[in-house]
There are 2 protein chains.
Amino acid sequence: MQPSGKAPEPTLSRLSLYLRCLRQLAKDGAKTISSAQLGSHCGVVSAQIRKDLSYFGEFGKPGTGYEVQQLLSRLTEIMQLDQEHRVAIIGAGNLGAALAGYAGFSDSPFRIVGIFDNNFNKIGRMLWDVEILDVHRLTEVNQHMRAGIGIIAVPAEAAQEVADRLVDAGVRAILNFAPSRIEVPPGVAVRHVDLTREIEVLCYHMGRVAEEQEALSDADE
Amino acid sequence: MQPSGKAPEPTLSRLSLYLRCLRQLAKDGAKTISSAQLGSHCGVVSAQIRKDLSYFGEFGKPGTGYEVQQLLSRLTEIMQLDQEHRVAIIGAGNLGAALAGYAGFSDSPFRIVGIFDNNFNKIGRMLWDVEILDVHRLTEVNQHMRAGIGIIAVPAEAAQEVADRLVDAGVRAILNFAPSRIEVPPGVAVRHVDLTREIEVLCYHMGRVAEEQEALSDADE
DNA sequence: ACTTGTGAAGCATTTCACAGCC
DNA sequence: GGCTGTGAAATGCTTCACAAGT
């Protein structure tokens, strides 16, 4: 199979995981790796890895495995990480500021090119080495700023309006940290990161574990 | 069906979503709501909502729908959100600080009771209204602090060590913001929030959209 | 008339298992 | 012998569609 139909969403997320692993392996000087070895590094079973890769082509040699460098660069291309991605962050609050300074972005193709807010006390101040600009000027400023990715780090009530502005400014992918659904036209990719939902699910699991332990101790009396 | 087997993971995440919606509806004074109405509020089809709820019991009246207040309190119980959850944050960097001040935690059952770091320049300082403590004292301090949830906001290299400390300190749920897998004993729940993976998947989708548009314009020449 | 709860159907994703290659 | 790539099987999740309840 070659360019193929389309890969499932979970596969895409795992490709990113494989990339992280491969970058480390390359740094450590590994030459080749089997799907089983890669799997034990990143917690995925080998058949899953082979299936994931098979959506995009054939990358390995039977008997040997994969060449680390080669797989690394092929996956980097597939994920479009061989080019710079300019990112605008909307919302210069706690979260926006933390994201702007996120260490994971150094030595990555992501470059924070703009930070926007609607608070007059923040506009004009510097955050890291970027000036906070008025969100109302987003479309105008992005003509030369050319951010293709927008990160929403504003309160829920403002999220849809900010999303509309981002789309209007030409952004084609949005990462939404606001706890609220946003609607965007087709052709714009969106992903959500919802802290409250994550932590609430954890609470549920804690409760389940507690129940099981009660059931267990009930059983042996 | 009543207490039932176990609900799929995506169902649990959606329950949290329904809760957020129901809290708003209750504030707005809504008395009853149908699965179709709730669905259009939160972007989920009605059959999905009914199926999700069916894992936990019967909550509605045919012909009428659900009583907002009643469904709200039943789901709150199911998700264990009718009790306080004490949270410790490990890592007082940008992200840890932002999470400690996260506005979504006010008016919620989550209470940040401790912030830990290993950096002597930070230990002893105040963050919001909590003192930053030495992460080496985690187990000791948590004897009276009694945090049941830990949030990891440290660099990848330190994540596993921090996870071990959290488990040792009696934490039973971990939200991991570090870009690294962590192993925990059974009975401890873990969820990951991986900024880099999210944004890398977005890049892939941006590329796909670009390809499709090329294919489209190639077609009509 | 309208809506729930739920088996059954449909679809998506993961895992198995093995032919073919190094 | 060891490993990949992949159909086929298994599992998991979502959607359909309708009997039963109000």
Side-chain angles (χ1 to χ4, degrees), chain A residues 1-18 21-22 25 30-72 74-75 78 197 201 204-205, chain B residues 1-18 22 25 30-68 70-72 74-75 78 197 201 204-205:
Chain A
M1 198 196 271
Q2 264 284 33
S4 86
K6 63 188 196 313
E9 196 71 8
T11 290
L12 301 172
S13 182
R14 281 190 300 268
L15 288 188
S16 172
L17 185 62
Y18 305 155
C21 224
L22 288 165
L25 286 162
K31 294 291 287 175
T32 67
I33 193 166
S34 68
S35 57
Q37 289 173 299
L38 181 56
S40 72
H41 273 269
C42 60
V44 175
V45 300
S46 63
Q48 181 76 76
I49 293 181
R50 295 198 302 278
K51 179 65 90 179
D52 285 341
L53 296 178
S54 78
Y55 290 108
F56 300 95
E58 309 192 355
F59 304 98
K61 259 212 296 280
T64 313
Y66 304 89
E67 258 199 64
V68 172
Q69 274 299 344
Q70 185 188 295
L71 185 57
L72 178 52
R74 288 292 290 112
L75 291 185
I78 288 166
R197 281 172 71 178
V201 171
Y204 172 83
H205 286 302
Chain B
M1 196 196 273
Q2 264 285 31
S4 86
K6 63 189 196 313
E9 196 71 8
T11 290
L12 301 172
S13 181
R14 280 191 301 268
L15 288 188
S16 172
L17 185 61
Y18 304 156
L22 289 164
L25 286 162
K31 294 292 286 176
T32 67
I33 194 166
S34 68
S35 58
Q37 289 173 299
L38 181 56
S40 71
H41 273 270
C42 61
V44 175
V45 300
S46 62
Q48 181 75 78
I49 294 181
R50 295 199 301 278
K51 179 64 87 179
D52 285 341
L53 296 179
S54 78
Y55 290 107
F56 300 95
E58 310 191 354
F59 304 99
K61 260 212 295 277
T64 313
Y66 304 89
E67 259 199 63
V68 172
Q70 185 189 294
L71 185 58
L72 178 52
R74 287 293 288 112
L75 291 185
I78 289 165
R197 280 172 72 178
V201 171
Y204 173 83
H205 286 302

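Naming convention: chains lettered A, B, ... in sequence-line order (proteins, then strands); numbering from 1 in each chain. As the structure is a prediction and not an experimental result, all values here were calculated from the model.
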Exercise. With sequence neighbours left out, write down each residue that passes side-chain contact (heavy atoms from CB on, under 4.5 Å) with A:E9, or none if nothing qualifies.
Key: A:L12, A:R191, B:V201, B:H205
Quiz item: CZ/B:R14 to CZ/A:R197 distance, rounded to the nearest 0.5 angstrom?
Solution: 8.5 Å
Quiz prompt | Rounded distance (Å) that lies between atom P of C:dT4 and atom CD of B:E67 | solution = 13 Å
Self-check item: Distance in angstrom units between B:I49 CD1 and D:dC16 C1', rounded
Solution: 16 Å
Quiz item: How long is the span from the CG atom in B:L75 to the CZ atom in B:F56, to the nearest 0.5 Å?
Solution: 8.5 Å
Quiz prompt | Watson-Crick or G-U pairs under 3.5 Å in DNA chain C, rendered as dot-bracket with [ ] for crossing pairs and | for another strand | solution = ||||||||||||||||||||||
Self-check item: Interatomic distance, B:L53 CG vs D:dC13 P [rounded to whole Å]
Solution: 17 Å
Quiz item: Along nucleotides 11-19 of chain C, 5' to 3', which nucleotides get a B, which get an S, and which get a -, given that the test is a protein heavy-atom distance under 4.0 Å?
Solution: --SBBBB--
Exercise. Calculate the interatomic distance between B:L12 atom CG and D:dG12 atom P; express it in whole Å.
Key: 15 Å
Quiz item: Just checking B:S46: base, sugar-phosphate only, or nothing, at a heavy-atom cut-off of under 4.0 Å?
Solution: nothing
Practice problem: Would you please name every residue forming a side-chain contact (heavy atoms from CB on, under 4.5 Å) with A:P62, sequence neighbours left out? | Solution: none
Atom pairs and distances, donor-acceptor, side-chain atoms in residues 38-48 of chain A, under 3.5 Å, two or more places apart:
unit_1, atom_1, unit_2, atom_2, d
A:S40, OG, A:Q37, O, 3.0
A:S46, OG, A:R50, NH1, 3.4
A:Q48, NE2, A:D52, OD1, 3.2

Practice problem: Could you pull out the closest heavy-atom pair between A:I78 and A:F59, with the gap in Å? | Solution: CD1-CZ, 3.9 Å
Self-check item: Straight-line distance of A:L22 CG to A:L17 CG, nearest 0.5 Å
Solution: 9.5 Å
Quiz prompt | Residue-phosphate contact under 4.0 Å: B:Y66 side-chain N/O, C:dC2 OP1/OP2 | solution = no
Quiz prompt | Nearest atoms (heavy-atom pairs only) where A:L53 meets A:L15 | solution = CD2-CD2, 4.2 Å
Just the atom pairs and distances: protein N or O near nucleotides 20-22 of chain C's N or O, under 3.5 Å.
unit_1, atom_1, unit_2, atom_2, d
C:dC22, O4', A:P62, O, 3.1

Exercise. Please report, rounded to the nearest Å, how far the C1' atom of D:dT4 is from the CZ atom of A:F59.
Key: 13 Å
Quiz item: Side chains of B:S16 and A:Y204: does their closest heavy-atom pair fall under 4.5 Å?
Solution: no
Exercise. Check the distance between D:dG2's P and A:Q37's CD and give it to me in whole angstrom.
Key: 13 Å
